[in-house]
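For reference, the structure discussed in these notes is given below.
Only heavy atoms go into these numbers, but all of them, side chains included; no hydrogens, no water, no symmetry mates. Just so you know, these numbers come straight off a predicted model, no measurement behind them. The first residue in the sequence is number 1, and the count goes up from there. Whatever order the structure lists them in is the order used to number ligands and atoms, beginning at 1.
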Amino acid sequence: MPRPRTIKPFIPLRISGVGAYLPPKLLTNDDLAQFLDTSDEWIRTRTGIRTRHILSPEEVPAEMGIRAAEKALAMAKRNPADIEFLLVATNMPEEPIPGTAPYIAQGLGLEKTPFADITAGCAGFVYALALAGALIQTGVVGKALVIGTEALSRFVNWQDRATCVLFGDGAGAVVVEAAPGPAGILGVALRGDATKLDLLRIEAGGVRLPASAETVRTGKHFLQMEGKGLFRAAVRMMAEATRAAAVQAGLRLTDIDWVIPHQANLRIIEALVKRLRLPPEKVVVNIDRVANTSTASIPIALEELVRDGKVESGQILALTAFGAGACYGTVILRW
Ligand code: UT7
């Protein structure tokens, strides 16, 4: 098998900037125990979560995305005008029409730039990055901005201890640029299993079941989740996609320097580590501080890794996620 550094990226590109934004309001497990039948001990031992950031009523997810994007652009030393495509991964749009991306485009001053929202559950950022890579590979665009922004705190039932303790709000962004050289995407595995559609849903508020007094009365506009089923599926899905992306890249799992998994539950991450026999020190974990931020989870964790100076040029990163749908996937890239 060739050495990792001699394998040519099948999509040569560079992540030239990374940024993240977390709303200032912090909610601890003890804060939750003030109004829910739960405890810090239960949440910590079952999920690994200690705190989460919550969007204030005056803020919106687009603002979080704009702030994360501004930081990514500053790191990349690029102006908004340099961006040729904006992709926003999110599950709950700013408004059903026109979504979130145009609000972010407006806020960044991207007046002529094409934009689109991508909905692929919590795997949305991985999907969006793969799609940005494909647009770059085919020469459609040279520079793209990929954002994950999410405020599921607005859609969880704060009376339902089985779901509301798990989620936090935030945004993360990357600037992706065509760049001939050794850096780029080495492997992509995107997968879907719509037989698992029922595991995570918000039933009301869409076309199938428009919002009404009845849907509000019955709480159908809240996130509903089948936790155990999702847990089992999550480990299998992220392991399968990571193995497949590594095979496509011509890599062994031991060649990967950093694995950034979607932060849904520390026990899910630990089970993935065990299943793939990964050294735990190579696996990025920040769920304790930020909880599950859905589409923002991977770019927020990536930003921390980069900010801490841990990622070196030439290192191999695997970004892996699963989520509603069920959509899942892994992107392997060389930094
Ligand atoms: O981005 C993807 C989204 N979500 C996920 O990936 C979630 C995946 N699933 C999970 O992370 C876990 O299944 C949960 C954390 C949601 C639940 O953990 P679990 O170990 O599967 O617990 P459980 O659902 O079996 O519940 C065990 C007990 C139950 O009580 P009984 O029936 O044993 O009396 C629950 O009612 O824990 C109870 N429980 C709680 N107790 C205190 C559930 N939530 C809480 C809570 N505090 N917050």
Side-chain angles (χ1 to χ4, degrees), residues 27-52 89-92 118-128 148-172 191-193 196-202 222-241 260-275 285-288 290-301 319-330:
L27 195 66
T28 66
N29 294 342
D30 286 333
D31 294 335
L32 287 165
Q34 302 285 314
F35 62 90
L36 272 179
D37 181 15
T38 190
S39 65
D40 174 55
E41 207 264 334
W42 191 97
I43 301 171
R44 258 189 307 103
T45 53
R46 295 291 178 122
T47 72
I49 299 166
R50 291 169 186 271
T51 59
R52 71 284 290 140
T90 194
N91 284 291
M92 290 304 286
I118 290 182
T119 309
C122 297
F125 182 81
V126 168
Y127 271 56
T149 186
E150 209 76 67
L152 287 179
S153 68
R154 299 262 169 98
F155 296 95
V156 292
N157 179 351
W158 287 100
Q159 310 299 316
D160 175 13
R161 64 181 186 173
T163 53
C164 74
V165 304
L166 302 175
F167 295 95
D169 301 333
R191 299 276 191 274
D193 178 1
K196 301 269 183 297
L197 185 154
D198 286 340
L199 292 179
L200 192 58
R201 289 174 73 196
I202 295 180
F222 289 134
L223 188 85
Q224 296 157 33
M225 187 181 79
E226 210 271 88
K228 276 200 192 310
L230 256 182
F231 191 114
R232 277 192 298 273
V235 179
R236 181 179 54 70
M237 289 172 172
M238 289 197 289
E240 178 201 323
I260 307 184
H262 171 46
Q263 310 282 312
N265 185 323
L266 182 61
R267 286 159 52 221
I268 292 178
I269 297 173
E270 287 168 349
L272 179 72
V273 163
K274 210 164 149 195
R275 189 174 281 221
V285 174
N286 68 356
I287 188 171
D288 50 324
V290 301
N292 180 348
T293 56
S294 186
T295 53
S297 129
I298 286 182
I300 290 173
L319 318 183
T320 184
F322 71 98
C327 290
Y328 57 110
T330 299

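More than 12 heavy atoms of other residues, nucleotides or ligands sit less than 6.0 Å from atom CZ of Arg267.
No side-chain heavy atom of Met237 sits under 4.5 Å from any side-chain heavy atom of Thr330.
Looking at residues two or more places apart in sequence or on another chain, you find a salt bridge (Lys or Arg N to Asp or Glu O under 4.0 Å) between Arg201 and Asp198. Looking at residues two or more places apart in sequence or on another chain, you find a ring pair (Phe, Tyr, Trp, His ring centres under 6.0 Å) between Phe322 and His262. Listed by chain and residue number, nothing satisfies the side-chain hydrogen bond (donor to acceptor under 3.5 Å, both in side chains) test with Asn157 (two or more places apart in sequence, or in another chain).
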Anything under 3.5 Å between an N or O on ligand 1 and a protein N or O? List each pair with its distance, or write none.
unit_1   : atom_1 : unit_2 : atom_2 : d
ligand 1 : 1 (O)  : His262 : NE2    : 3.0
ligand 1 : 1 (O)  : Asn292 : ND2    : 2.8
ligand 1 : 9 (N)  : Gly227 : O      : 2.9
ligand 1 : 11 (O) : Asn265 : ND2    : 2.7
ligand 1 : 13 (O) : Gly227 : O      : 3.3
ligand 1 : 20 (O) : Arg46  : NH1    : 2.7
ligand 1 : 20 (O) : Arg267 : NH1    : 3.4
ligand 1 : 20 (O) : Arg267 : NH2    : 3.3
ligand 1 : 21 (O) : Lys228 : NZ     : 3.1
ligand 1 : 22 (O) : Arg46  : NH1    : 3.2
ligand 1 : 25 (O) : Lys228 : NZ     : 2.5
ligand 1 : 36 (O) : Arg161 : NH2    : 2.9
ligand 1 : 37 (O) : Trp42  : NE1    : 3.2
ligand 1 : 41 (N) : Trp42  : NE1    : 3.4
ligand 1 : 41 (N) : Arg161 : NH1    : 3.4
ligand 1 : 47 (N) : Thr38  : OG1    : 2.6
ligand 1 : 48 (N) : Thr38  : OG1    : 3.1
ligand 1 : 48 (N) : Arg161 : O      : 2.9

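Counted by atom type alone, Glu150 and Thr295 present one or more donor-acceptor pairs between their side chains at under 3.5 Å.
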